[in-house]
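I have placed the structure first, in the form of structure tokens, so that the comments after it can refer back to it.
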Amino acid sequence: MEIFDVLIIGGGVSGVSCAQVLGSAVKKPFVADKKVGIIMHQKTSMLQDAIFYNAYGVKQGTLGSDLLSQSIEDLNYYKHLIQIFGEKVTSVRRVNEVYEVRTNKDICYTKLIVVAVNSSPTFDIEGLLEYVEPHKKSLASKNRIQLKNNDHLVVDGIYVVGTLAGHRSQLAIAAGSGAAVATDILTLWNDGVETHSHDSIRVK
């Protein structure tokens, strides 16, 4: 049985940001043998209708739909990172030491999960519904939800990022949330020693 070390559910801003940081850390000894996957479900991403004039590092007037397409190309840079297309997660459950993740097409297994879908009340991943609560930073009239979490950790082995973690809907916040969880996972893999992943033009 093939097992992911971490599986990211969702190909929007927070999910891709998390994947990029984990992907860029592959040269670290404690990451080199890790298997990272991301289910690139983008149809319900809030970026589909967005246009950006106030996002750091993003050219003014950039369409969110273009960013979604670009994110697929960007992740192709990390050859060890597995992108899964055309699948939607339907359930998550603990099976011994790993999680079983069922989609509309397949079943896979992973040690860690990062939930990176949006905060729509249509959220319907079986096994996670018990953690759903009203979104604490959204207007009640929008009927948004979040998953109960402590600094992104829902329960042992399951993280949540982006608006579903209770953050406001801003691209920079969502990206930062995903990156933050990636560094938490890197630290976990590094036996609890704080770490992160930086690229640099300086010769080492």
Side-chain angles (χ1 to χ4, degrees), residues 1-23 33-49 64-65 67-133 144-149 152-165 174-175 177-179 181-182 184-185 188-189:
M1 180 176 67
E2 196 169 31
I3 300 174
F4 286 100
D5 289 284
V6 59
L7 182 64
I8 301 164
I9 301 172
V13 177
S14 58
V16 170
S17 176
C18 184
Q20 286 177 319
V21 174
L22 292 175
D33 64 342
K34 301 298 184 187
K35 184 177 180 182
V36 179
I38 178 169
I39 297 177
M40 293 295 290
H41 187 69
Q42 296 183 327
K43 289 183 180 179
T44 59
S45 171
M46 294 177 180
L47 260 66
Q48 294 288 1
D49 301 317
S65 56
L67 280 181
L68 287 171
S69 298
Q70 183 64 48
S71 68
I72 295 173
E73 295 181 32
D74 291 344
L75 290 183
N76 284 335
Y77 178 78
Y78 306 109
K79 303 302 180 186
H80 62 289
L81 195 152
I82 300 169
Q83 295 186 64
I84 302 169
F85 296 95
E87 296 188 32
K88 181 180 179 181
V89 173
T90 57
S91 71
V92 167
R93 73 183 183 108
R94 188 81 175 185
V95 179
N96 298 321
E97 299 301 314
V98 298
Y99 285 97
E100 176 191 87
V101 178
R102 289 180 177 262
T103 75
N104 56 326
K105 296 181 180 179
D106 202 2
I107 300 174
C108 54
Y109 297 89
T110 182
K111 296 176 183 176
L112 300 174
I113 293 173
V114 178
V115 187
V117 299
N118 72 35
S119 55
S120 167
T122 58
F123 179 88
D124 62 352
I125 299 177
E126 186 180 338
L128 296 178
L129 295 175
E130 65 184 283
Y131 304 108
V132 169
E133 64 180 3
R144 294 288 176 182
I145 57 101
Q146 66 179 60
L147 296 187
K148 297 175 185 176
N149 68 92
H152 297 103
L153 189 64
V154 177
V155 67
D156 185 40
I158 300 180
Y159 298 86
V160 61
V161 294
T163 57
L164 194 62
S177 171
V181 166
D184 286 344
I185 291 171
L188 179 67
W189 289 345

Just jot down the side-chain contact (heavy atoms from CB on, under 4.5 Å) partners of [X], sequence neighbours excluded, or say none.
X    : result
N104 : E87, K88
Q70  : E73, D74
A165 : N149, H152, V160, H167
L153 : Y159

Taking all heavy atoms of L147 and all of L128, pick out the closest pair and write down the distance.
CD2-O, 4.0 Å
Of all heavy-atom pairs between A19 and L81, which one has the smallest distance, and what is that distance?
O-CD1, 3.4 Å
Any residue meeting side-chain hydrogen bond (donor to acceptor under 3.5 Å, both in side chains) with [X], in chain and number order, not counting sequence neighbours:
X    : value
T163 : S119
Q20  : none
T90  : none
N76  : Q83

Can you name the salt bridge (Lys or Arg N to Asp or Glu O under 4.0 Å) partners of R93, sequence neighbours left out?
E100
Side-chain heavy atoms of I38 within contact of F85, under 4.5 Å:
no
Can you confirm whether V21 sits close enough to I185 that some side-chain heavy atom of one is under 4.5 Å from a side-chain heavy atom of the other?
no
Kindly compute the distance separating [atom1] ([X]) from [atom2] ([Y]), expressed to the nearest 0.5 Å.
X    : Y   : atom1 : atom2 : value
I39  : I84 : CD1   : CD1   : 5.0 Å
D156 : Y99 : CG    : OH    : 6.0 Å
N118 : Q48 : CG    : CD    : 10.5 Å
Y109 : N96 : OH    : CG    : 10.0 Å

Show me the donor-acceptor pairs, under 3.5 Å and distance only, between side chains in residues 3-16 and residues at least two apart or in other chains.
residue, atom, partner, partner atom, Å
D5, OD1, K111, NZ, 3.4
D5, OD2, K35, N, 2.7

Check: [X] side chain, [Y] main-chain N or O, donor-acceptor pair, under 3.5 Å:
X    : Y    : value
K148 : V154 : no
T103 : D106 : yes
S17  : A175 : yes

Sequence neighbours excluded - salt bridge (charged side-chain N to carboxylate O under 4.0 Å, His left out) pairs with any residue from residues 9-18
none
